[in-house]
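Everything below concerns the one structure shown next.
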Amino acid sequence: MGRKLFCEISPTTYQISILKNRAGRTIRDTLSRQAFASEKRKLRLPVSIYKHRSLIRRKLGNVDLHLQNNKAENLAIATPKISGIVIKPGEVFSFWQLVGPCKEKDGYKEGLMIGKEESISGIGGGMCQFTNLIHWIILHTPFEIVEHHHHDGLDLFPDFGRVIPFGTGTSIVYNYLDYRFKNTTDQTYQLITYTDEVYLHGELYAEKEQPYSYHIKVEDEHFSREQGIVYRNGKVYRNIIEKRTGNVIKKELIKTNHAKVVYDTANLTIVER
């Protein structure tokens with residue numbers, strides 16, 4: 001066995017590491033000259049750019065339903081903290097700067113979270129689904145994604161009504177693993193987020209139409225068995241399409257998946273390697 005990291009020695013050293021990481025992020029942001037999006041407007045900008053909704057209560061293996069019900073309540077607390085935010089040219093959107101820490105005293109409950117190789121529970125669970133939604137919307141813009149973390153290397157749940165490609169999710173931890181993007185255009189955008197009884201909703205608006213549309217798809221997706229372990233494979237691409245002509249002007253590889261499958265693989269078609 002290798003030498004343990006400081007954060008792995010004990011629960012105390014783990015908490016010290018968290019505090020160190022949080023303090024470091026706060027100091028770096030304070031010293032940064034970067035302008036962060038902070039203004040909110042009630043009136044929506046005139047042009048609808050992209051909309052998406054995400055099912056809040058999903059069939060996720062053996063995940064307890066009460067964790068998903070709590071997740072719904074957590075999302076209902078967090079979405080108003082984002083909704084209405086305008087992202088002006090040159091500004092950076094920071095999820096955690098807007099949402100802040102998810103604390104029990106503020107009404108957050110124990111919801112679904114992702115651990116190293118399994119689903120776990122924790123106060124404020126559900127925020128990854130929130131940033132997943134935002135990330136999917138932002139992939140349909142020319143924005144520069146300046147900070148994005150993956151649940152790398154793991155396929156935790158079998159597909160159930162999947163509508164977006166595997167591998168386009170996010171991983172966040174307050175506040176040192178953030179989701180951030182920069183408005184590199186010459187116009188202002190606005191993000192609207194809210195929940196209803198069934199869905200988490202996200203809507204992006206702008207001052208004028210975008211000249212391009214974006215299409216994300218996965219290619220060569222398959223399962224393989226390598227040294228007794230099953231992996232999910234595939235490549236996620238983004239096509240940038242000129243609206244005026246309908247021509248694909250660029251095809252970008254945005255993610256290569258090679259993720260260990262941690263659920264029952266009995267019903268999968270698997271390529272032996």
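Values below: every heavy atom of this structure, side chains too, minus hydrogens, waters and symmetry copies.
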Reference residue Phe95; test ring pair (Phe, Tyr, Trp, His ring centres under 6.0 Å); the match among Phe181, Tyr174, Tyr179, Phe130:
Phe130
Using 4.0 Å as the upper bound for N to carboxylate O, is an ion pair formed by Glu144 and Lys182?
no
Under the 3.5 angstrom rule, does the side chain of Ser32 hit a backbone N or O of Arg28 as a donor-acceptor pair?
no
Is the side chain of Asp264 donor-acceptor paired with the backbone N or O of Ala266 at a distance under 3.5 Å, no angle test?
yes
Under a 3.5 Å threshold, yes or no: a donor from one side chain and an acceptor from the other, between Gln187 and Thr185?
no
Given 3.5 Å as the limit, does a donor-acceptor pair link the side chain of Asn239 with the main chain of His215, or not?
no
What are the two closest heavy atoms between Ile123 and Lys103, and how far apart are they?
CG2-C, 4.1 Å
Taking atom NZ of Lys250 as the centre, report whether more than 12 heavy atoms of other residues, nucleotides or ligands fall under 6.0 Å from it.
no
Ring center gap for Phe143 and Phe93 short of 6.0 angstrom
no
Asp178 side-chain N/O to Trp96 backbone N/O, donor-acceptor pair under 3.5 Å:
yes
Please assess Leu204 against Leu191 for the test side chain to side chain contact (heavy atoms under 4.5 Å, CB included), listing each intermediate value before the final yes or no.
CA-CA 5 Å; Leu204 187 68; Leu191 187 59; 4.2 Å; yes
In Å, rounded to the nearest 0.5 Å, how long is the span from CG of Leu200 to OG1 of Thr195?
7.0 Å
Under 3.5 Å, is there a donor-acceptor pair between the side chain of Gln97 and the main chain of Asn175?
no
Over 12 non-hydrogen atoms of neighbours within 6.0 angstrom of CD in Glu272
yes
So does Ile87 get a backbone contact from the side chain of Asn183, meaning a donor-acceptor N/O pair under 3.5 Å?
yes
Donor-acceptor pair, side chain of Thr79 and main chain of Tyr194, under 3.5 angstrom
no
Donor on one side chain, acceptor on other, Tyr214 and Glu252, under 3.5 Å:
no
Looking at Ile254, is its backbone amide N or carbonyl O close enough to the side chain of Arg238 to form a donor-acceptor pair, meaning the two atoms are under 3.5 Å apart?
no
Distance-only, no hydrogens or angles: does the Asn247 side chain make a donor-acceptor pair with backbone N or O of Ile249 under 3.5 Å?
no
Identified side chain to side chain donor-acceptor pair (under 3.5 Å) partner of Tyr189 from the options Lys88, Glu207, Glu91, Gln210
Gln210
Side-chain donor/acceptor of Lys71 to backbone N/O of Ile56, under 3.5 Å
yes
Taking everything shown except Leu19 itself, do over 12 heavy atoms lie less than 6.0 Å from its CG?
yes
Among His52, Arg44, Gln190, Arg53, which residue satisfies the side chain to side chain donor-acceptor pair (under 3.5 Å) criterion with Glu203?
Arg44
Rounded to the nearest 0.5 Å, what separates atom CD1 in Ile270 from atom NE2 in His222?
11.0 Å
Salt bridge (charged side-chain N to carboxylate O under 4.0 Å, His left out) between Arg180 and Asp29, intermediate numbers included
CA-CA 12 Å; Arg180 297 183 174 190; Asp29 284 348; 2.7 Å; yes
Do other residues, nucleotides or ligands put more than 12 heavy atoms under 6.0 Å from Lys109 NZ?
no
Is there a side-chain contact between Gln15 and Ile18, using heavy atoms and a 4.5 Å cut-off?
yes
Test applied, side-chain contact (heavy atoms from CB on, under 4.5 Å); reference residue, Lys235; option that passes from Leu253, Val218, Asp220
Leu253
Count the heavy atoms belonging to other residues, nucleotides or ligands that lie under 6.0 Å from CD of Glu197, then report whether that count exceeds 12.
no
